[in-house]
Amino acid sequence: MGVGGCLALPWRCLVVLCLRLLFLVPAGVPVRSGDATFPKAMDNVTVRQGESATLRCSVDNRVTRVAWLNRSSILYAGNDKWCLDPRVVLLANTKTQYSIQIQDVDVYDEGPYTCSVQTDNHPKTSRVHLIVQVSPKITEISSDISINEGGNVSLTCIATGRPDPTITWRHISPKAVGFISEDEYLEITGITREQSGEYECSASNDVAAPVVQRVKVTVNYPPYISDAKSTGVPVGQKGILLCEASAVPSADFQWYKDDKRLAEGQKGLKVENKAFFSRLTFFNVSEQDYGNYTCVASNQLGNTNASMILYEETTTALTPWKGPGAVHDGNNGAWRRGSCAWLLALPLAQLARQF
């Protein structure tokens, strides 16, 4: 219901009022657009939901009676309020203007409003249409979803507003460009791991800022080992074998030497497992540690493995270049001192030649 609820009066008063309205609002002659002798009401009035709408009707000194109506219900007649709605107030009743205001406008207030006047015993009317705009609101959106790679995804985003909002979908990803759908529904066939992430639904109708909500799409796939390199380490040194793997859900890692599984806490070893890698650390490499190692990564969707070798790396002593300006970082300080003395001897010999 709109603003048209009228006061409930005793039947005798109601009869009197109805008789008064016979000449105030007859079955009526709508004003012609070119009728310059009749003071016209405003054109269509457009307001946003929650704002106030002001309805103005221009009058002159020939007007003896005036009223505002909503459809068939009287809102105001002169200075008298006929409706119960507290949001409807009289703004002006002068010789030039008759105006009312509807506060906190809602969608049910939309529709035609009529300004009716009595001039020289000739009642006439003029109509204005109130248009209520409503900001977009997302009323339904898909929940977060988890799906295996290769499956099909269907996302839904329903929104309301006046005028009807435009709905768009986009993938929140550095590689994504522009919108991927301009519809309430987003269909993805044969989804890949690169298409995982957040999808944003936006609803806009230029009444207010667009509203957005996001849906998280998780794409599950079996492990894939991206990095597993053999490593050379001298005897007695610390050695590390690293195995990197991507998987959703995250992979579980296991290490094997030949056919024997390596357990956490084994003497001289440490296995460190994280979401996307596993690190096998040898604190003091011995001859028995050298050999072939296998990293196995697995989750609910499958498993994969990669082999790598921990091999002995021999070190050779570097012979310093004993030319002018050479610097030796070893423990033989005599060479450092000798090279400095040789450098000092050069300018002394040149000085002796001059004399």
Side-chain angles (χ1 to χ4, degrees), residues 48-50 107 133-229 241-255 264 271-280 294-306:
R48 296 178 181 178
Q49 185 182 38
V107 291
Q133 295 182 329
V134 181
S135 301
K137 179 181 180 181
I138 295 176
T139 57
E140 179 184 341
I141 190 169
S142 298
S143 302
D144 293 347
I145 185 174
S146 178
I147 188 169
N148 293 342
E149 189 172 34
N152 300 329
V153 175
S154 178
L155 302 180
T156 302
C157 182
I158 306 297
T160 60
R162 301 176 69 156
D164 292 336
T166 299
I167 297 177
T168 56
W169 282 98
R170 69 187 184 100
H171 186 197
I172 308 301
S173 168
K175 297 181 180 180
V177 179
F179 300 112
I180 59 175
S181 174
E182 296 186 3
D183 194 1
E184 296 175 342
Y185 305 100
L186 173 61
E187 304 287 344
I188 305 175
T189 303
I191 193 167
T192 65
R193 64 192 71 180
E194 289 78 15
Q195 292 174 301
S196 65
E198 290 189 322
Y199 288 79
E200 183 181 86
C201 169
S202 174
S204 60
N205 64 357
D206 296 330
V207 175
V211 292
V212 296
Q213 289 191 31
R214 293 183 178 182
V215 177
K216 184 178 181 180
V217 177
T218 301
V219 179
N220 305 313
Y221 57 93
Y224 168 75
I225 294 179
S226 56
D227 189 16
K229 295 179 180 179
L241 292 177
L242 187 65
C243 179
E244 296 182 1
S246 61
V248 177
S250 297
D252 295 322
F253 293 92
Q254 295 178 355
W255 286 93
E264 173 67 29
V271 178
E272 183 182 3
N273 293 330
K274 298 296 183 180
F276 298 105
F277 72 88
S278 180
R279 182 186 293 119
L280 177 61
T294 301
C295 168
V296 178
S298 61
N299 67 5
Q300 299 94 313
L301 301 179
N303 63 78
T304 187
N305 65 81

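One is the number of the first residue; the rest follow in order along the sequence.
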Heavy-atom nearest pair, A247 first then P223, reads CB-CA, 3.5 Å

Check whether N299 reaches the backbone of P249 with its side chain - one donor and one acceptor, N or O, closer than 3.5 Å.
yes

Scanning both residues in full, the closest heavy-atom pair of I191 with Q195 reads CA-OE1, 3.3 Å

Does any non-hydrogen side-chain atom of F277 lie less than 4.5 Å from one of C243?
no

Closest heavy-atom contact between R48 and V207?
CZ-O, 2.7 Å

Side chains of S146 and N220, heavy atoms from C-beta outward: is any pair under 4.5 Å?
yes

Among residues at least two apart in sequence or on other chains, which ones pass side chain to side chain donor-acceptor pair (under 3.5 Å) with E149?
R193

Side chain to side chain donor-acceptor pair (under 3.5 Å) partners for N305, two or more places apart
none

CG on N152 to CD1 on I188, rounded to 0.5 Å
9.5 Å

Checking S298 against D252: is there a side-chain donor and acceptor pair closer than 3.5 Å?
no

D206, CG: over 12 other non-hydrogen atoms inside 6.0 angstrom:
no

Report the distance from atom CG of L155 to atom OH of Y199, rounding to the nearest 0.5 Å.
8.0 Å

Nearest heavy atoms of I225 and A228, plus distance in Å:
CG2-CB, 4.2 Å

Measure the shortest side-chain to side-chain distance between I141 and V215 over non-hydrogen atoms and say whether it is less than 4.5 angstrom.
yes

Side chain to side chain donor-acceptor pair (under 3.5 Å) filter on Q133, not counting sequence neighbours, yields none

Please identify which of these residues, T168, T139, L186, I138, meets the side chain to side chain contact (heavy atoms under 4.5 Å, CB included) condition with C157.
I138

Please report the interatomic distance SG(C201) to CZ(R170), rounded to the nearest 0.5 Å.
11.5 Å

Testing the basics here: between E272 and R279, what is the closest heavy-atom pair and its distance to 0.1 Å?
OE1-NH1, 2.5 Å

To the nearest 0.5 angstrom, please state how far the CD atom of E198 sits from the NE2 atom of H171.
9.0 Å

Side-chain donor/acceptor of S196 to backbone N/O of T218, under 3.5 Å:
no

Which pair of non-hydrogen atoms, one from P165 and one from N205, has the smallest distance, and what is that distance?
CA-CB, 3.8 Å

Can you tell me how far apart NZ (K229) and CD (E244) are? Round to the nearest 0.5 Å.
8.5 Å

Separation between CZ of F276 and OG of S226, rounded to the nearest 0.5 Å
10.5 Å

